[in-house]
There are 2 protein chains.
Amino acid sequence: MPTIKDVAKRAGVAVSTASYALSGSSKIKGATREKVLLAAKELNYRKNGLAMDLKKSKTKTIALILSDLSGPFYSELIRGVQELALEKEYDLIVCGSHGDESSTAAKFLRETRTDGVILLAHNIKSEFIRESAREGFPIIVLDRHLSGDPNIISINVNNRKGGYHATDYLIQSGKKSVGLISGPSNSADSQDRVAGYKEALEAHGITPLSKWIINGKFTQEGGYQATKMLIHQGDMPEAVFYANDEMAIGGLEALKEHNIRVPEDISIIGFDDIQLTPYLAPPLTTMRQPKYEIGKLAAHIIFQVLEGDQVNEHYTFDTELIKRESVRIGK
Amino acid sequence: MPTIKDVAKRAGVAVSTASYALSGSSKIKGATREKVLLAAKELNYRKNGLAMDLKKSKTKTIALILSDLSGPFYSELIRGVQELALEKEYDLIVCGSHGDESSTAAKFLRETRTDGVILLAHNIKSEFIRESAREGFPIIVLDRHLSGDPNIISINVNNRKGGYHATDYLIQSGKKSVGLISGPSNSADSQDRVAGYKEALEAHGITPLSKWIINGKFTQEGGYQATKMLIHQGDMPEAVFYANDEMAIGGLEALKEHNIRVPEDISIIGFDDIQLTPYLAPPLTTMRQPKYEIGKLAAHIIFQVLEGDQVNEHYTFDTELIKRESVRIGK
DNA sequence: CTGTTAGCGCTTTCAC
DNA sequence: GTGAAAGCGCTAACAG
């Protein structure tokens, strides 16, 4: 590969001249400028972006780290981040955290490769995130609440309140019993939703029954399995709150297999409001997370930190009940 | 930020020693090794990955460039690429081509930042891709057929055949008339599907009617608008072939608004088989693109090129008809 | 305007 | 084993 040196030589100028000309500086005028550009073209020259970033000690890039690149959850979030990045003329790259501490994610967290990162990857340990924190490298975490390090900022959704709201809505709609399919117990998000669920039950004088609280993985398969268990147990609640939409989809499947109709026989509610939620049969009632807004804020904060502004250590969003057709009103 | 130099100094060794120790070389044994590691920890040292890549002239990273990071189309594709990358211990980053030639995508194509790229971004001009090609930098294009440059490899789906198959299926199912909602005319994919559609019609002695061929953008909104137009035109065909699933979703919406039932009143078929396709009401019959396989092959080829193997310039996959419930059998 | 030059932070010969 | 030093490709003083 030809370097800028080669270009300079061929154009018969100094490297600095070539550099200026190539980056469109007004320092270099007509004739010389053309010469350089021509030489670059003739040599099929490509700038080495790595060298540039190294030299400038600045990448103008932020990374969004997702636990599952192929998940259905993120598109709105990405859009939020992307929009702001574009506006600031920053680049956004997204990478996955598959493989834990040996993953691409780990590399981008630990090493200097971008100017900041936004993290939504439950499989990365908090410990690891803390270790990766350093001055001038903002880390925004979206799926937990991490405090104590000024370079780590958390943006969360009020999961407890959301869980409460979802459960309360089910009860207000006339359901006497509501089950819960929760996420994995190592997920802070899930734990908070469970807490909200229990609170709502108790607020209505209902005692949470452990037989109606089943936990599984935050996936379609997890929801399917958990629902199967619930069904085989024999005694079904009148409604069930799924700790996320993906699980609810799996639940819908299991329910369908057993000819249990939604919402005629059982009402269900999800959490997240992922993209495909309105297309389900029936369209799923769910607690919407303002993902676009979260993404936008996350990016916004990164830029603030990068520009030396003061920011809070923690931000919270509320969820919003999106009523669709999976909850039947009245017993 | 402390550098490896600082670490070396603090540990009282030479930089080279620090470098070896830090990267776990067996050259450095017990005592010194510990000293270095300790110093690194005390200084909260982070390796600068950019410097390393520059020095090594190798990034061990491939980029997947997508026109729309938040689109629903890609998850299977990503999974395919990701899996193979993981296996080869390469990192995968994905970025968007929003903003054309000024985008992140352009930067990753034009500059040396990764060892290769996989491209599925119709908004990047072929001209630009050609210009970005260079020795030792494999570019795999997934949405068009580019020939003539040994560093550009195309992987395509047989769109013509797929379009033919879709249309033929509709006709075989008893439909006497089939409309087409196509994608933008600058999309090679769309053009080929249109060609297949016309061929199928003609093979059955049906003359393609331009009033029944409407083109729009490859989005839900595009499909919605195009379908509205078709409806307002007054004379509806018995079936319509949407050039992609997203458009079909928009079409479903428009149809529903006008109380036209699918498949009772009209049959529809899509193209792609995106993730949410089975959840639609009704589940959408569509031509599946083997996205996972394509992703896997794309990654495979990149590694082959990188390892100096000989590869073809062009690969083709066939689509597969996935029968669901949006096409009614019999008139 | 243009050329010379000093690094950005790292790896890797090569000599000891 | 360990250290000195070259250099990956680029930018940005600085001097002319």
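Convention: sequence-line order gives letters A, B, ...; per-chain numbering from 1.
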Which pairs would a plain distance check flag for residues 19-30 of chain A, meaning a side-chain donor or acceptor within less than 3.5 Å of a matching protein atom at least two apart in sequence or in another chain?
unit_1	atom_1	unit_2	atom_2	d
A:Ser23	OG	A:Ser19	O	3.0
A:Ser23	OG	A:Tyr20	O	3.3
A:Ser25	OG	A:Lys27	N	3.0

Does one side chain, of B:Asn44 or B:Arg46, offer a donor that lies under 3.5 Å from an acceptor on the other? yes

Chain B reaches DNA chain C, atoms under 4.0 Å from its heavy atoms, from C:dG9 to C:dT13

Ignoring hydrogens and angles, state whether a donor on the side chain of B:Asn156 or B:Thr316 is under 3.5 Å from an acceptor on the partner side chain. no

Are there more than 12 heavy atoms of other residues, nucleotides or ligands under 6.0 Å from atom CD of B:Gln310? no

Around atom NE2 of B:His300, are there more than 12 heavy atoms of other residues, nucleotides or ligands at under 6.0 Å? no

Return yes if a side-chain donor-acceptor contact under 3.5 Å exists between A:Thr112 and B:Asn48, otherwise no. no

Let me know which of B:Ile139, B:Ile153, B:Ile129, B:Leu119 forms a side chain to side chain contact (heavy atoms under 4.5 Å, CB included) with B:Leu146. B:Ile129

Determine, for nucleotides 8-16 of chain D in 5'-to-3' order, which nucleotides have protein heavy atoms under 4.0 Å from the base (write B), from only the sugar-phosphate (write S), or from neither (write -). BBBBBB---

Between B:Ser126 and B:Arg144: side-chain donor-acceptor atoms closer than 3.5 Å: yes

Using a cut-off of 4.0 Å on non-hydrogen atoms, how would the nucleic acid contact of B:Thr32 be classed: base, sugar-phosphate, or nothing? sugar-phosphate

